[in-house]
Asks: 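My structure is below; once you've seen it, I'll send some questions.
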Amino acid sequence: MRQLSFSICVYCGSRPGASPAFADAARAVGQWIGQHGGQLVYGGGRNGLMGIVADATMAAGGQVVGIIPKALVEREWAHQGCTELHVVDNMHERKRLMADKADAFLALPGGIGTFEEFFEAWTWRQLGYHDKPVGLLNVAGYYDGLMAFMRSSVEQQFMGDAQLDLIRVDADMATLLPELVQAAGMAPQARIEAI
């Protein structure tokens, strides 16, 4: 297996969620990133899916860059085991630095923070602030309702199909992650197929 060099920003919950499938998916994403020579960029937390994806990435040999605001460090939510842990002043700085350090973005199940970060990365792409792929991992149908609502937004003409097409949605991590890496220009098709 050839090693890739890429950086994926993962947005996910600071809670584990109700279904064990969510933790399993976070663990699998982290393992995939680590096993393929990648770097995880994430919010720097040690709780919930955040901690699971970070631990799994490091256990599989990957690098982990955590970026966390001072206010959350003071609540002891910071993951001190990260390869790099950047403590920033506020959420705006956190999101800017996460975006700067990533080649692609991926949202796992999560709550309001995950939604906000995912929508911002998508909006920035649509506005041309970046040209990095944005993915949504629909674990156990978690995002079915959101996808139905977004299709309704297209039907109601508040956005177009082109905007919806800017995000890649899949329930299969093993399909979505290679697609994001390839779309980021980090590997040609021949290398992706070797994974």
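Only a predicted model underlies this, so the values are computations on that prediction, with no experimental measurement involved.
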Asks: Please check: side-chain N/O of Arg94 versus main-chain N/O of Pro69, any donor-acceptor pairing under 3.5 Å?
Replies: no

Asks: Check whether Arg46 reaches the backbone of Gln80 with its side chain - one donor and one acceptor, N or O, closer than 3.5 Å.
Replies: no

Asks: Is there a donor-acceptor pair closer than 3.5 Å between any side-chain N or O of Ser152 and the backbone N or O of Ala148?
Replies: no

Asks: Measuring only between side-chain heavy atoms, which start at C-beta, is Arg15 closer than 4.5 Å to Leu49?
Replies: no

Asks: Is the closest side-chain heavy-atom distance between Leu40 and Val65 below 4.5 Å?
Replies: no

Asks: Check Leu137 against Pro109 and note the closest heavy-atom contact, atom names and distance.
Replies: O-CD, 4.1 Å

Asks: What's the spacing between Met98 CE and Cys9 SG if we round to 0.5 Å?
Replies: 3.5 Å

Asks: How long is the gap from CD on Gln156 to CZ on Phe149, to the nearest 0.5 Å?
Replies: 10.0 Å

Asks: Side chains of His79 and Asn47 only: does a donor on one sit below 3.5 Å from an acceptor on the other?
Replies: no

Asks: On a heavy-atom basis, which atom in Ala21 and which in Ala140 lie closest, and how many Å separate them?
Replies: CB-CB, 4.2 Å

Asks: Which pair of non-hydrogen atoms, one from Leu146 and one from Phe119, has the smallest distance, and what is that distance?
Replies: CD1-CZ, 3.8 Å

Asks: Under 3.5 Å, is there a donor-acceptor pair between the side chain of Ser7 and the main chain of Lys101?
Replies: yes

Asks: Could you grab the distance from atom OG1 of Thr123 to atom CG of Leu127, nearest 0.5 Å is fine?
Replies: 6.5 Å

Asks: Anything under 30° is parallel, anything over 60° is perpendicular, the rest tilted; go ahead and classify His130 against Phe105.
Replies: tilted

Asks: Compare every heavy atom of Leu180 with every heavy atom of Pro133, then report the nearest pair and how far apart it is.
Replies: CG-O, 3.4 Å

Asks: Going by atom types only, do Asn138 and Asp170 share a side-chain donor-acceptor pair under 3.5 Å?
Replies: no

Asks: Count I, L, V, M, F, W, Y as connected when their side-chain heavy atoms are under 4.5 Å apart, and connections chain through other members. Are Met91 and Tyr11 then in the same cluster?
Replies: no

Asks: Salt-bridged, Glu120 to Lys95, with N to O below 4.0 Å?
Replies: yes

Asks: Taking Lys132 for the side chain and Ala102 for the main chain, is one N or O donor matched with an acceptor at less than 3.5 Å?
Replies: yes

Asks: Side-chain contact test, heavy atoms from C-beta onward, threshold under 4.5 Å: evaluate it for Val134 versus Leu166 and give yes or no.
Replies: no

Asks: Report the residue from Val169, Leu136, Leu108 that forms a side chain to side chain contact (heavy atoms under 4.5 Å, CB included) with Tyr143.
Replies: Leu136

Asks: Could you label the plane-to-plane angle of the Trp32 and Phe6 rings as parallel, tilted or perpendicular, counting under 30° as parallel and over 60° as perpendicular?
Replies: tilted

Asks: What residue among Glu155, Gln163, Met159 forms side chain to side chain contact (heavy atoms under 4.5 Å, CB included) with Met150?
Replies: Met159

Asks: Has Thr83 got a side-chain atom pairing as donor or acceptor with Gln63's backbone, closer than 3.5 angstrom?
Replies: no

Asks: Check whether any side-chain heavy atom of Ile68 sits under 4.5 Å from a side-chain heavy atom of His86, and report yes or no.
Replies: no

Asks: Where the side chain of Asp103 meets the backbone of Ala184, is there a donor-acceptor pair that is under 3.5 Å apart?
Replies: no

Asks: If you compare all heavy atoms of Gly17 against all heavy atoms of Phe22, which two are closest, and at what distance to 0.1 Å?
Replies: CA-CD1, 4.0 Å

Asks: Is there a donor-acceptor contact under 3.5 Å from the side chain of Glu93 to the main chain of Asp89?
Replies: yes

Asks: If you group Ile, Leu, Val, Met, Phe, Trp and Tyr by side-chain heavy-atom gaps below 4.5 Å, do Val41 and Tyr129 land in one group?
Replies: no

Asks: Please report the interatomic distance CD1(Ile67) to CG(Asp100), rounded to the nearest 0.5 Å.
Replies: 8.5 Å

Asks: Would Val139 and Asp24 count as a side chain to side chain contact (heavy atoms under 4.5 Å, CB included) here? Give the steps.
Replies: CA-CA 10 Å; Val139 179; Asp24 291 344; over 6 Å; no

Asks: If every non-hydrogen atom of Gly135 is compared with every non-hydrogen atom of Phe118, which pair is closest and at what distance?
Replies: O-CE1, 4.1 Å

Asks: If I take atom OG from residue Ser14 and atom CH2 from residue Trp77, how far apart are they, to the nearest 0.5 angstrom?
Replies: 6.5 Å

Asks: Would you compute the distance between atom CE of Met173 and atom CD of Gln31 and round it to the nearest 0.5 angstrom?
Replies: 8.0 Å

